[in-house]
Amino acid sequence: MNKFTSKAAAAALTMTLASVSGQSLADSSEPIVIPTHNWSSQVVMAYVIGGIFENMGNNVEYVSADSQGVYEAIRLGDVTISHEVWQSSFGKSFQNALDAGGLIDAGTHAAPTLEEIGVPTWVIDQNLCPGLPSWEALAGCGSVFATAGSGGKGQILEGPQSWHGEVYPNRLAALGLDDEYVIKFAGGADALWAEIASATAEGRGTIVFNWTPNFTDAEGFTFIEFPEWFAGCRIADGGTMETTGCGSPKGWLKKAANADFPSTHPDAYAMFEKMSFTTTDIGQMAALVDIDKMDHKSAAATWLADHESVWRAFID
Ligand code: TMO
């Protein structure tokens with residue numbers, strides 16, 4: 001089938017289904033509820049997607065939502081979509097809602113992901129802890145990463161505890177590094193970037209949680225290489241102290257939606273399902289806020305204006 005005939009066939013099928021179920025073909029005017037969380041690309045992308053939906057004639061609404069609880073909220077219909085489901089942090093909450101019913105997997109972005117602790121690359125170039133980025137090099141380097149408040153131990157600045165729970169405390173214990181390092185949970189993502197900036201200005205070694213795609217991809221950040229992840233290695237996923245020393249998955253970035261969204265808003269859902277952002281797209285969305293210091297809405301408007309050919313392709 002060529003593009004026209006497949007489109008015509010799809011339209012005919014939609015009309016048949018619509019007349020059977022008595023639904024109209026057009027998207028409902030009910031607002032599409034888009035969640036915002038606490039890291040930059042996610043919030044910018046929320047407004048990017050909202051802007052595309054509005055361009056298509058849809059109504060949108062934004063709600064600030066907990067990044068784990070959102071999957072249950074989608075399942076129950078209080079939130080319509082999730083556009084950045086990061087495997088390492090949220091895979092379990094996503095899967096739980098998928099299994100319970102009411103939430104659907106709306107596909108995967110092109111960008112592969114990693115959520116892991118690491119160091120600004122200059123720490124490696126200057127050989128502050130010989131053997132990095134292998135995790136085994138951390139043993140004996142605790143004092144290199146000590147801070148004023150870490151009692152002589154190496155500090156690892158984790159993200160907010162709502163992202164990864166006990167993953168890093170368990171990992172340190174499993175790898176025998178908990179005597180030499182302490183985990184500090186950051187209050188928010190900005191604390192991670194502030195720590196990288198001040199440690200770099202002081203020439204002080206630092207270990208922080210970070211992820212890719214992110215604005216730091218362009219700045220030189222190296223993730224520590226831990227024992228390879230496998231399904232079920234973490235304690236929260238049924239693993240044991242023998243296995244929970246595993247690193248984070250080289251993961252996926254998914255989209256999720258309420259199960260009714262394809263029938264209430266067929267055009268918007270088709271766009272959302274087709275929508276796929278690359279590492280570059282997502283890095284740009286974060287950089288507009290974290291480097292260029294724009295507010296999230298202006299960053300989204302700028303991104304949409306500068307990349308019209310990218311998002312137009314999701315509509316056709
Ligand atoms: C979910 N995050 C990208 C902040 O790791």
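Start at 1 with the first residue, then count along the sequence. Counting starts at 1 for both ligands and their atoms, in listed order.
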### Task
Answer yes when Arg171 and Glu158 have at least one side-chain N-carboxylate O distance shorter than 4.0 Å, and no when they do not.
no

Only heavy atoms of [X], strictly under 4.0 Å: list the atoms of ligand 1 that pass.
{"X": "Phe209", "answer": "5 (O)"}
{"X": "Trp163", "answer": "4 (C)"}
{"X": "Phe90", "answer": "1 (C)"}

#### Entry: 4.5 Å side-chain heavy-atom contact, Gln87 and Lys254
no

### Task
Decide whether an N or O pair under 3.5 Å exists between Glu115 and ligand 1.
yes

### Query
Hey, is the main chain of Gly239 close enough, under 3.5 Å, to the side chain of Arg234 for a donor-acceptor pair?
no

### Query
Does the ring centre of Phe90 sit less than 6.0 Å away from the ring centre of Trp39?
yes

